[in-house]
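First up is the structure itself, then whatever we jot down about it.
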Amino acid sequence: MTIRTVVDRGPGELTWIDVVEPTPTELEQVAARWGLHPVSVRDCLDPEHLPKFERFPSRTFIIIRVFDAEATAECATVAELTRKVALFAGPDFLVTIHRKELPFLAALRERFENCPPGNGSGREGAQQALLCEVIERGVATFESPLERVEEGIDEFEAALFESRHEPDDLLHLYVLRRRATLIKRMLWRTLEVVQRMSPPGEPPTPLLQDLKEHVESLHFYADELTDYATNLTSLQLGIASQKTNQVMRVLTVFSAFFLPLTFIVGVYGMNFEFMPELHTRWGYPAILAAMLLVTVGIGLWFRRRGWLRP
């Protein structure tokens with residue numbers, strides 16, 4: 001376990017403790033030191049827990065999920081794409097607990113070690129500023145993956161209309177859509193957390209309102225990408241269906257031409273003894289002429305009805 005005291009303004013003032021990869025026993029020690037609720041501590045041990053918010057008489061417990069920078073393109077589940085961060089906030093402290101080092105927290109630690117947060121409104125204002133900063137930076141980790149999803153969707157759209165897409169492109173689009181959907185789901189739950197951070201019956205502070213708007217904008221972005229990917233999937237399937245219909249139309253046209261010809265050939269291929277055309281000098285050319293007339297007649301009829309147009 002690694003415990004870092006990132007911010008320490010002294011007794012009774014703001015303190016930020018960052019805990020990385022604690023064992024259950026070590027986590028109990030941290031809980032005893034800061035008076036954390038046992039139920040919330042058990043939630044810290046669940047690596048797949050979704051974002052949540054709980055308010056206790058003198059403590060606030062929050063779980064957020066942030067994008068894992070090490071997630072590969074094949075990752076498509078919540079546990080694979082995101083990492084859990086548990087936050088315990090009191091009037092004069094903030095404890096963050098996570099299972100592995102996270103780049104956004106490392107950047108915040110480096111920033112706050114020499115410049116603690118504060119907004120000029122006392123200890124509680126500094127605590128809320130720090131809490132909002134941690135959550136906002138965690139939410140911001142979804143910006144880059146959403147931009148990559150948008151780039152992938154744009155590439156698929158360009159390839160689709162330039163007729164250079166590959167068979168695996170549709171599977172790749174499905175993976176992008178699933179990733180956008182998972183991020184949208186995490187942002188929606190995080191938005192619920194942010195909305196509950198304001199005390200009941202009180203309007204949100206400017207910090208919370210700004211945080212809420214940031215989460216809403218990213219959620220809207222993810223929602224747009226999900227709809228975009230869904231529409232492109234339907235469009236690709238529609239184009240594939242259209243191409244199939246075109247092929248079937250060509251085959252149907254050829255069948256319509258050859259059906260009467262096949263009937264004529266079948267009749268005169270029976271070779272009965274008393275078929276008069278078998279002994280007629282011009283019987284064979286006459287049948288060929290009749291077949292040609294039938295073909296021309298069908299072609300003219302199809303053209304008149306517009307069935308031969310591309």
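The analysis underlying the following values was restricted to heavy atoms, covering all of them including side chains, and did not include hydrogens, waters or symmetry mates. In this text, all values refer to a predicted model and were calculated from it rather than measured experimentally.
To the nearest 0.5 angstrom, Gln195 atom CD is 5.0 Å from Lys212 atom NZ. Here Glu157 contributes atom CD and Leu173 contributes atom CG; the two are 10.5 Å apart, rounded to the nearest 0.5 Å. Interatomic distance, CE of Met197 versus CG of Leu207, reported as 9.5 Å (0.5 Å rounding).
The side chain to side chain contact (heavy atoms under 4.5 Å, CB included) test with Leu94 singles out one residue from Thr60, Val134, Ile17, and that residue is Val134.
Side-chain atoms of Glu155 never come within 3.5 Å of backbone atoms of Gly152 as a donor-acceptor pair (strictly under, hydrogens ignored). At distances below 3.5 Å, not a single donor-acceptor pair connects side-chain atoms of Asp210 with backbone N or O atoms of Pro206.
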Salt bridge (charged side-chain N to carboxylate O under 4.0 Å, His left out) evaluation trace for Glu70 with Lys100: CA-CA 11 Å; Glu70 299 178 359; Lys100 61 176 293 187; 2.9 Å; yes
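A heavy-atom distance below 4.5 Å is not found between the side chains of Thr96 and Val19. Between Leu87 and Ile64 the shortest side-chain heavy-atom distance falls below 4.5 Å.
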List the atom pairs, with distances to 0.1 Å, where a side-chain N or O of residues 214-223 and a protein N or O form a donor-acceptor pair under 3.5 Å, not counting sequence neighbours.
residue: His214; atom: NE2; partner: Glu143; partner atom: OE2; Å: 3.1
residue: Ser217; atom: OG; partner: Glu213; partner atom: O; Å: 3.4
residue: Ser217; atom: OG; partner: His214; partner atom: O; Å: 2.7
residue: Tyr221; atom: OH; partner: Glu150; partner atom: OE1; Å: 2.5
residue: Asp223; atom: OD1; partner: Lys184; partner atom: NZ; Å: 2.7

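Of all non-hydrogen atoms in Gln127 and Ala89, the two that sit nearest each other are NE2-CB, 3.0 Å. Closest non-hydrogen pair, Met186 versus Thr82, comes out as CG-CG2, 4.4 Å. The two residues Val78 and Arg185 make their nearest non-hydrogen contact at CG2-NH1, 3.9 Å. For Arg65 against Ala79, the heavy-atom pair with the smallest separation is NH2-CA, 4.3 Å. Looking at every heavy atom in both residues, Arg179 comes nearest to Cys75 through NH2-O, 3.3 Å. Minimum interatomic distance between Pro22 and His98 (heavy atoms only, all atoms of both residues): CD-O, 4.0 Å.
Between Glu133 and Arg137 there is a salt bridge, since at least one side-chain N of the basic residue sits less than 4.0 Å from a carboxylate O of the acidic one.
A donor-acceptor contact closer than 3.5 angstrom is absent between the side chains of Thr25 and Glu28. Between Thr230 and Arg177, the side chains place a donor N or O and an acceptor N or O closer than 3.5 Å (distance only, hydrogens not considered). Between the side chains of Glu147 and Ser144, no donor-acceptor pair is found at a separation under 3.5 Å.
A ring-centre distance under 6.0 Å is found for Phe93 and Trp34.
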